Novice: 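Below is the structure I would like to discuss, written out as structure tokens.
Letters A, B, ... mirror the listed sequences (proteins, then strands); counts begin at 1. Only heavy atoms go into these numbers, but all of them, side chains included; no hydrogens, no water, no symmetry mates. Just so you know, these numbers come straight off a predicted model, no measurement behind them.
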Amino acid sequence: MSQLLDLKKADTIPAWCPGCGNFPILKAFSGAFAESGLNPEKTVLVSGIGQAAKLPHYLEPPCNIFNGLHGRALPAATGIKCANHELEVIVTSGDGDMYGEGGNHFIHAIRRNIGLKVFVHNNQVYGLTKGQASPTSDEGFVTRIQTHGVMSTPFNPLALAIVEGCSMVARTCTGDPVHLKATMLEALRQKEGFVLVDILQPCVSFNQINTYKWYKERMRPIPPEHDPYDRMKALALAFQWGDSIPTGIIYRSRRPSFESRQPVLRQGSLVTRIKQKTLEQHQ
Amino acid sequence: MSQLLDLKKADTIPAWCPGCGNFPILKAFSGAFAESGLNPEKTVLVSGIGQAAKLPHYLEPPCNIFNGLHGRALPAATGIKCANHELEVIVTSGDGDMYGEGGNHFIHAIRRNIGLKVFVHNNQVYGLTKGQASPTSDEGFVTRIQTHGVMSTPFNPLALAIVEGCSMVARTCTGDPVHLKATMLEALRQKEGFVLVDILQPCVSFNQINTYKWYKERMRPIPPEHDPYDRMKALALAFQWGDSIPTGIIYRSRRPSFESRQPVLRQGSLVTRIKQKTLEQHQ
Amino acid sequence: MVDVLIRIAGEAGQGVVTAGNTLIGGLSGMGVHLLSTQSYMSRIRGGLNWYDIRVSDRECFAGREQADLLVSFTNTAREVLSGSLIPGGLNLHDGEASDSANMIPLNAAKLAKELTGSTLAANSVAAGAVFSLLGYPSDALCGYLEKLFGQKSRELADANTKCARAGHECIKKAGFWERLHAPLPSGSVIGHIWSGAAALGLGAATAGVKFATAYPMSPSTATFAWLAEHSDQYGILVEQAEDEIAAVNMVCGATYAGVPALTTTSGGGFALMAEGLSLAGMMELPVVAVIAQRPGPATGMPTRTAQQDLQFALRAGHGEFPRAIYAPGTVQQGYQLIRTALQTAHWYQTPALLLTDQFLQDMEKLVPVFPETDKPIDRCLDLDAGAEYQRYRVPATGGVSSRAIPGGKALVVVDSDEHDTAGHLSEDFQARISQQDKRMAKLAAMQAEALPPEYYGPDTAELLLICWGSSYGPVREAVDALNTSGRSAAMLHAAQIWPLTPDAWKLRLSGRRRICCVEGNQTAQFAALLRETGILAQAETLLRYDGMPFTGAEIAERIGP
Amino acid sequence: MVDVLIRIAGEAGQGVVTAGNTLIGGLSGMGVHLLSTQSYMSRIRGGLNWYDIRVSDRECFAGREQADLLVSFTNTAREVLSGSLIPGGLNLHDGEASDSANMIPLNAAKLAKELTGSTLAANSVAAGAVFSLLGYPSDALCGYLEKLFGQKSRELADANTKCARAGHECIKKAGFWERLHAPLPSGSVIGHIWSGAAALGLGAATAGVKFATAYPMSPSTATFAWLAEHSDQYGILVEQAEDEIAAVNMVCGATYAGVPALTTTSGGGFALMAEGLSLAGMMELPVVAVIAQRPGPATGMPTRTAQQDLQFALRAGHGEFPRAIYAPGTVQQGYQLIRTALQTAHWYQTPALLLTDQFLQDMEKLVPVFPETDKPIDRCLDLDAGAEYQRYRVPATGGVSSRAIPGGKALVVVDSDEHDTAGHLSEDFQARISQQDKRMAKLAAMQAEALPPEYYGPDTAELLLICWGSSYGPVREAVDALNTSGRSAAMLHAAQIWPLTPDAWKLRLSGRRRICCVEGNQTAQFAALLRETGILAQAETLLRYDGMPFTGAEIAERIGP
Ligand SMILES: Cc1ncc(C[n+]2csc(CCOP(=O)(O)OP(=O)(O)O)c2C)c(N)n1
Ligand SMILES: Cc1ncc(C[n+]2csc(CCOP(=O)(O)OP(=O)(O)O)c2C)c(N)n1
Ligand code: SF4
Ligand code: SF4
Ligand SMILES: [Mg+2]
Ligand SMILES: [Mg+2]
């Protein structure tokens with residue numbers, strides 16, 4: 001074969017655009033992770049494909065990583081949690097990954113209320129594939145594919161998660177790093193069940209509508225008197241979009257988690273229950 | 001090849017169990033269809049796979065039929081409606097078909113608010129594959145697969161459809177043939193957008209919990225003063241389950257349909273815009 | 001060879017299978033060879049289903065077309081199926097007598113009701129009647145019923161044995177004792193009744209599978225249900241997935257975390273798994289899928305049988321990665337090969353598929369106790385890996401890296417993108433080449449270990465019938481029939497489809513006058529693979545794709561003179 | 001042959017492609033042959049991307065490894081890529097001068113800013129500079145810029161022509177006029193610049209496609225985007241699907257309703273379409289999918305090229321049904337073959353696939369006006385069918401039934417289950433056999449009409465290079481190079497992969513001293529198909545799977561003496 005070029009020099013890390021909202025997310029996540037006291041060795045970061053989904057590779061301190069298929073982070077994470085529910089399983093995903101290609105898993109993983117912490121970098125656009133509309137794109141958003149603008153109702157992940165009794169549902173935004181980190185920390189500290197954190201994230205390359213400024217002007221931290229266990233109130237908050245966007249913990253439920261209900265898991269995680277013959281590698 | 005047996009004699013139609021809730025649905029649908037004045041030649045019945053999905057084959061008068069893959073009735077119906085939006089496109093499907101395998105399409109077809117009438121025969125079980133839990137099975141429902149009973153939160157199709165601004169959302173039940181037919185007729189008469197009718201349907205073979213009696217005792221027709229355009233009130237109704245289950249038209253929105261918003265469809269349906277060379281069949 | 005085929009037929013929902021199970025269960029204590037097959041329509045009630053039991057003094061491997069005895073529960077069953085009786089065959093009919101000479105009326109439900117006040121034990125009446133026709137005493141049957149019902153309730157056990165005896169008596173009294181020429185009981189034929197579907201479940205459970213997930217799809221569901229029913233016993237977490245994509249990706253996740261896992265599906269569901277299979281190839285995960293075939297394309301014939309997905313299984317998934325494919329020919333091979341599939345997947349850290357079909361899934365057989373019960377496979381893990389661990393270090397030969405799992409000192413990084421030795425996504429051309437070479441290097445080692453074809457028949461047979469998977473039984477019986485009638489035939493059966501072992505195959509091919517590939521499909525998919533791999537340039541084909549399995553007699557007849 | 005390769009390189013987001021487009025657009029009026037290729041990483045900003053333009057006095061078909069001129073936008077581009085210059089090659093560098101002899105500094109942005117007050121027209125400065133290096137006057141370039149910007153704004157047009165002239169002047173003044181040995185302009189080379197991706201879009205649009213749906217996936221998205229951008233012009237409804245499963249099922253629905261439709265994807269997305277493809281086979285729907293290949297397995301290398309999905313495309317979907325597969329080798333073939341694919345799908349009422357890849361999708365070429373503009377394909381419909389219509393009536397030969405669409409007098413019933421002639425689901429064995437035979441009968445007719453391989457080179461060439469799809473260009477250039485150096489070589493190219501035409505192939509194979517299959521994959525997938533179909537038992541292989549396309553020189557060199 002002819003001489004292969006060496007591209008290592010050009011392959012700078014992270015592979016994100018300067019100014020991208022993924023940077024503050026990475027920073028906040030690293031901070032929250034450190035503060036949470038989670039053990040990287042006992043943590044798996046699971047992602048699909050997209051710009052957001054690259055985050056696990058950049059995390060300090062490094063963790064275990066399962067960077068799977070576009071749209072399939074949740075079933076992979078579910079399999080990992082089933083196999084070893086002593087592991088902390090964290091999913092980091094994009095709006096296309098989670099609500100588009102992965103929509104069916106989103107519905108059903110929340111129904112299971114399996115113990116996953118799910119962070120969705122919601123930039124309301126497909127970043128990695130260069131700017132098509134995503135399920136959360138605002139109506140009227142014009143792209144090379146949506147030449148007459150988006151015509152579908154934006155998907156409301158928070159409302160769906162609330163309807164399904166998700167353990168914890170939150171929204172935050174890269175525009176406020178303190179709020180971002182605090183919300184992430186709260187999510188990481190959640191003891192049981194499915195946790196959804198939808199993070200409004202500017203994409204400086206492909207979304208000129210929902211910018212840092214646009215989000216920042218609209219973010220309205222949820223007042224402390226909000227009772228997150230009140231489903232209808234939570235839904236009312238989840239529906240707010242436009243001039244004011246509530247951020248913070250919108251909903252909580254006391255539903256038991258998937259793991260806690262499985263009789264076969266009562267004696268410990270599956271992975272510890274395998275009679276291992278030998279450790280020799282087969283030749 | 002050896003002599004083939006002739007099974008035609010045994011292949012009685014319909015292939016449903018005696019007493020199955022699909023019979024009243026078929027009857028009500030035939031009645032509503034006749035009353036609606038729809039033209040069978042201009043109507044396509046689309047279904048996936050399951051017991052419910054066989055209905056199109058049994059309808060009198062017969063219509064055009066697209067009996068596609070399990071879970072994929074909605075995208076097929078979407079393609080048909082896109083190609084020829086002069087056709088009335090009606091989807092008949094099971095709870096597994098529509099909310100399980102087809103969940104992602106359910107989310108996104110409603111977001112499009114494309115003009116489909118969707119009737120889901122919700123028997124809270126997988127009938128054709130012999131009795132596994134479906135996404136709508138009640139918690140605790142025991143099957144050969146769910147040996148310790150269903151542990152997931154039941155999927156709430158009505159709430160999701162309301163959250164997404166579906167044009168019309170209704171629930172009815174085979175326990176009340178008059179209500180069933182009236183609701184179906186109302187659905188068929190809807191002029192625009194996505195219409196979801198979730199029909200509670202007993203499965204006498206595999207669901208011994210949600211029986212005719214169980215449904216009948218719980219059906220509560222929605223009082224006429226309910227304003228279907230009130231989203232929060234509609235959601236409150238959609239959440240009611242257990243001792244009392246509201247039936248009737250729960251929600252309506254004034255969202256324009258997908259077809260009405262597409263500039264390329266303004267000059268007529270796509271199928272009429274094809275320059276046909278010849279009608280000769282190629283040899 | 002003494003060989004009786006009993007066909008129990010009626011509508012779906014009438015308990016045809018239960019009746020069959022009662023009968024075969026009773027017969028299992030008689031010391032005769034037993035094999036059953038099933039034919040049913042895609043409906044829950046009505047239609048026409050049947051359950052065939054072969055009772056023989058020699059081991060059976062397939063069904064037969066013609067029955068010695070038809071037990072009909074409905075007039076339709078009688079009308080449609082009495083044409084499939086051998087000349088002089090009997091019809092035990094649940095109804096009133098007719099003028100037909102071969103018809104023996106038996107109102108089992110009525111008799112049961114009279115005796116026990118309920119129709120619940122009607123199957124035992126029928127089973128007793130069949131025992132009588134076979135000329136067997138009712139003791140073994142009663143012993144079986146005693147065991148089956150005794151644990152649940154004394155009354156039930158008594159009612160059933162009473163009914164069995166009554167059915168037995170009533171036929172004897174009517175003068176039909178031993179009207180079927182049945183094999184003599186023999187002390188050496190002992191064991192349990194296992195279906196192909198259940199044998200796969202047991203093989204997986206004993207191999208150490210701890211996580212199983214699937215979306216229901218005939219004819220794979222029986223294996224999944226077996227695992228669910230035995231989940232507490234074996235400590236298996238069984239989870240119904242929302243779709244097949246979820247199932248295969250959950251298995252990817254579970255195997256990554258160190259738990260042997262599998263999914264079961266049929267062709268249409270497997271089609272949805274193709275991307276996930278490619279993921280397992282890229283991430284080097286020991287993913288195992290059972291594909292229970294049925295006639296396609298699309299929904300096709302959901303309750304019928306086929307061998308149509310060989311080529312699809314072989315190429316499914318984009319890109320190039322190694323895989324192993326097994327196709328058991330018998331119930332016992334099912335048990336063995338699911339274990340082999342799991343072990344191969346773990347040795348080589350790559351997906352393994354097992355092709356079965358409706359015919360084999362539903363086939364039940366009296367088999368000796370499975371030999372390796374309780375020996376789990378070796379997961380081939382490096383549990384001591386430390387902080388310097390790299391998941392995809394390239395070994396000197398063979399392509400297999402040491403495999404750690406998350407939770408220990410080693411961080412385990414796996415990626416669906418092309419990656420470096422540490423598992424991090426990389427756009428480097430050198431990394432690409434070395435990782436792709438590493439992955440594909442495993443195939444040669446897999447080939448060196450692959451199962452050679454099984455040869456059955458005289459060494460020098462002139463006619464060689466090649467087959468794979470569930471056609472084993474019919475072809476083997478055809479070989480016996482042909483040789484009995486003075487021909488010189490042998491079978492060459494592939495229980496492993498990929499990789500193939502060309503040398504072992506070629507050894508068996510030379511010097512034949514006639515070679516014919518027998519396959520349950522229309523395009524002779526295995527013959528195509530033999531051409532592609534340079535094993536066999538040309539062969540006759542003998543194909544069937546109506547949804548029904550081959551029989552030995554059919555093959556023998558179609559082979560012609 | 002005069003042949004200059006210009007390589008424009010920089011980070012993603014720096015406008016490498018825009019610069020390339022400006023230059024090739026300007027050159028398109030010069031009467032020289034032009035071809036461009038692209039290399040880029042899977043990121044939106046940063047990294048290292050490049051855009052190559054070949055300027056030649058003969059038609060070009062592929063890229064080249066070594067450049068005559070490197071236009072570098074960053075130091076990294078210069079450092080990584082200056083090694084790929086031919087001896088004595090030049091480097092036009094956007095930055096300060098260095099001591100390197102071959103380096104020509106050009107601060108295009110600065111110059112643009114000085115001249116126009118903005119850096120917007122920097123690309124025109126660079127293009128002017130390259131024109132000067134080629135020894136071309138700036139008129140053609142300015143004419144092109146005038147046309148490009150003139151419609152939008154006068155100022156923009158003026159600014160750009162001014163900048164182009166300035167870049168031209170500045171290089172001339174610095175003494176670099178005509179430093180590249182460029183081909184002489186010729187009046188006979190005229191046309192437009194088309195990419196492979198756009199040619200597919202145009203072919204589909206002119207063929208009458210009215211509905212296109214896809215889920216974005218590199219490198220197929222460019223075709224989908226072309227259709228979206230021209231949707232108003234051609235009256236095409238373009239809808240982004242929620243996933244690939246939706247896309248293929250929407251296409252099934254649309255074609256059922258009578259509208260030519262297609263979807264575009266790459267291997268991973270196609271994996272999700274396998275079940276839908278099987279549906280199209282069963283329902284006999286003219287479904288067309290464009291598969292733009294990239295290296296797998298799994299996510300693999302999203303922005304690189306590969307020819308790895310041939311066998312997968314050939315077998316994707318459970319069950320057995322006919323399909324056609326095309327693989328264009330050039331931009332023009334892309335236009336033709338997407339039309340052929342659509343026509344074949346409609347003639348035979350069965351799916352057709354088109355295999356392209358990143359290399360061909362991004363390849364741009366100066367091509368004459370496409371010949372068949374505006375002639376739609378024949379949908380082959382029976383629009384007069386009446387109430388007695390049956391969708392799947394079995395014809396005497398050929399398997400093609402008359403096809404009506406819903407909306408007329410005829411009711412059209414289609415089913416994914418096995419069905420009777422009326423389209424209603426049926427469990428009847430006779431129906432199964434006759435419908436399955438009917439479907440598969442189409443394959444023979446499709447084969448009789450399939451495209452034979454294209455032969456290029458002297459009739460009696462000793463060395464025959466077999467290839468398919470996008471390897472056409474590199475192999476053809478290798479053949480020229482080999483023959484120029486005194487060898488005797490020819491190319492045999494498959495633009496249709498399935499069905500193959502064994503007789504036409506065999507005719508070309510006999511009497512060669514050496515036969516070699518050149519493929520962009522690791523397992524020689526097409527060679528395997530040639531073995532399977534009995535066309536060619538053995539051949540050498542020459543493979544590449546690092547994610548980069550072949551070049552002619554590379555193949556010629558690897559063929560060896
Ligand atoms: C099956 C499949 N379909 C499509 C793609 C192409 N693809 C990669 S990332 C992506 C969308 C990314 O959008 P999002 O998830 O919002 O992430 P972002 O890049 O915006 O962070 C798509 C469509 C793929 N890799 N696999
Ligand atoms: C891809 C695929 N997976 C699985 C199946 C098997 N299958 C057929 S129908 C069905 C479920 C039917 O349940 P539902 O939709 O609720 O319909 P019902 O029979 O209850 O009316 C399943 C799992 C299939 N045909 N295709
Ligand atoms: S494309 Fe958008 S989301 Fe992706 S890295 Fe760039 S700015 Fe961030
Ligand atoms: S299985 Fe249930 S849903 Fe299906 S036909 Fe029978 S009663 Fe009806
Ligand atoms: Mg996004
Ligand atoms: Mg159901």
Side-chain angles (χ1 to χ4, degrees), chain A residues 1 4-8 10-11 15 40-44 46 49 54 56-57 62-84 86-87 104-105 107-109 111-112 258 262-265 267 270-271 273-283, chain C residues 208 210-211 213 231-232 235-237 239 241-243 245-261 275-276 279 283 343 346-347 375-384 400 402 405-409 411-417 423-430 433:
Chain A
M1 194 158 306
L4 296 178
L5 282 169
D6 188 350
L7 290 186
K8 280 193 210 83
D11 203 358
E41 290 170 8
K42 305 279 182 213
T43 303
V44 185
V46 182
I49 295 295
K54 290 178 182 169
H57 294 286
C63 289
N64 296 286
I65 300 177
F66 186 108
N67 184 175
L69 294 171
H70 182 57
R72 314 303 168 189
L74 285 183
T78 299
I80 295 168
K81 193 78 184 174
C82 286
N84 187 352
E86 308 294 333
L87 294 173
N104 205 32
H105 313 308
I107 293 178
H108 294 283
R111 286 185 52 229
R112 285 188 190 96
F258 175 89
Q262 296 291 337
V264 292
L265 297 185
Q267 299 135 54
L270 296 177
V271 76
R273 310 238 329 269
I274 292 159
K275 296 175 209 135
Q276 185 66 15
K277 256 166 60 186
T278 67
L279 280 181
E280 289 157 38
Q281 197 77 11
H282 171 86
Q283 288 323 332
Chain C
K210 292 276 170 265
F211 181 65
T213 179
S231 57
D232 291 342
I236 303 171
L237 180 54
E239 177 64 9
E242 57 270 29
D243 56 32
I245 303 173
V248 71
N249 281 280
M250 283 188 204
V251 171
C252 286
T255 54
Y256 161 76
V259 166
E275 194 198 13
L279 178 68
M283 287 190 164
Q343 186 61 75
H346 281 82
W347 278 339
K375 279 197 215 139
I377 57 151
D378 182 354
R379 287 183 298 164
C380 310
L381 294 179
D382 178 359
L383 295 178
D384 304 321
V400 175
S402 97
I405 57 174
K409 286 259 162 319
L411 295 181
V412 186
V413 178
V414 297
D415 196 346
S416 76
D417 295 275
H424 288 291
L425 80 104
S426 168
E427 302 207 47
D428 183 45
F429 298 117
Q430 279 83 358
I433 295 282

Novice: With a 4.5 angstrom heavy-atom cut-off, could you sort out which part of C:Phe429 is near chain A: side chain, backbone, both or neither?
Specialist: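 When you check distances to chain A, atoms from both the backbone and side chain of C:Phe429 fall under 4.5 Å.
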Novice: Can you list everything that forms a salt bridge (Lys or Arg N to Asp or Glu O under 4.0 Å) with A:Asp11? Sequence neighbours excluded, please.
Specialist: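 A:Asp11 satisfies salt bridge (Lys or Arg N to Asp or Glu O under 4.0 Å) with D:Arg43 only.
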Novice: Just so I understand: if I count every heavy-atom pair under 4.5 Å between each of C:Ala257, C:Gly408, C:Ala254, C:Ala261 and chain A, which residue has the most?
Specialist: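 Max contact count across the listed options: C:Ala254.
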Novice: Return the option, out of A:Ile107, A:Leu270, A:Asp6, A:Leu87, with the maximum number of heavy-atom pairs under 4.5 Å with chain C.
Specialist: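 That would be A:Leu270.
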Novice: To the nearest 0.5 Å, tell me how far C:Phe211 CZ sits from C:Met250 CE.
Specialist: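 Rounded to the nearest 0.5 Å, the CZ-CE separation comes out at 6.0 Å.
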Novice: What closest approach, in Å, do C:Val413 and A:Cys63 show between heavy atoms, and which atom pair accounts for it?
Specialist: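 Smallest interatomic distance, heavy atoms only, reads CG2-O, 4.1 Å.
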Novice: Could you tell me whether a side-chain N or O of A:Arg72 sits under 3.5 Å from a main-chain N or O of C:Ile245, the two making a donor and an acceptor?
Specialist: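 Not a single qualifying donor-acceptor pair exists.
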Novice: First locate atom CD1 of A:Ile65, then atom OG1 of A:Thr43, and finally report the distance between them rounded to the nearest 0.5 Å.
Specialist: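 Result: 11.5 Å between the selected atoms.
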Novice: Heavy-atom distances under 4.5 Å only: say whether A:Arg112 touches chain C with side chain, backbone, both or neither.
Specialist: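 When you check distances to chain C, only side chain atoms of A:Arg112 fall under 4.5 Å.
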Novice: Quick check for you: among C:Leu425, C:Val251, C:Asp417, which has the greatest number of heavy-atom pairs under 4.5 Å with chain A?
Specialist: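 Max contact count across the listed options: C:Leu425.
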Novice: Where on A:Val271 is there a heavy atom nearer than 4.5 Å to chain C: the side chain, the backbone, both, or neither?
Specialist: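 Both backbone and side chain of A:Val271 come within 4.5 Å of chain C.
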Novice: Measuring heavy-atom distances to chain A, does C:Ile236 have an atom under 4.5 Å in its side chain, in its backbone, in both, or in neither?
Specialist: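 Backbone only.
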Novice: Between A:Ile80, A:Leu74, A:Thr78, A:Leu69, which residue shows the highest count of heavy-atom pairs closer than 4.5 Å to chain C?
Specialist: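 It is A:Leu69.
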Novice: Measure distances from A:Glu41 to the heavy atoms of chain C and classify the residue's part below 4.5 Å as side chain, backbone, both or neither.
Specialist: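 A:Glu41 touches chain C through backbone and side-chain heavy atoms alike.
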Novice: Applying side chain to side chain donor-acceptor pair (under 3.5 Å), run through A:His57 and C:Asp415 and close with a yes or a no.
Specialist: CA-CA 10 Å; A:His57 294 286; C:Asp415 196 346; 3.2 Å; yes
Novice: With a 4.5 Å cut-off on heavy-atom pairs, point out which of A:Pro263, A:Ala10, A:Ala83, A:Pro40 contacts chain C the most.
Specialist: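 Of the candidates given, the most pairs with chain C belong to A:Ala83.
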Novice: May I ask you to name which of C:Val259, C:Ile405, C:Val248 has the most heavy-atom pairs under 4.5 Å with chain A?
Specialist: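 Counting heavy-atom pairs under 4.5 Å, the top option is C:Val259.
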Novice: Considering residues at least two apart in sequence or located in another chain, which fulfil the ring-ring contact (aromatic ring centres under 6.0 Å, His included) criterion with A:His108?
Specialist: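 Applying ring-ring contact (aromatic ring centres under 6.0 Å, His included) to A:His108 gives none.
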Novice: Side chain from CB out, backbone as N, CA, C, O: work out which of these in C:Val412 comes under 4.5 Å of a heavy atom of chain A, or both, or neither.
Specialist: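 For C:Val412, backbone and side chain are both near chain A.
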Novice: If you measure from CG on A:Asn84 to NZ on C:Lys210, what distance do you get to the nearest 0.5 Å?
Specialist: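 Output value for this atom pair is 14.5 Å.
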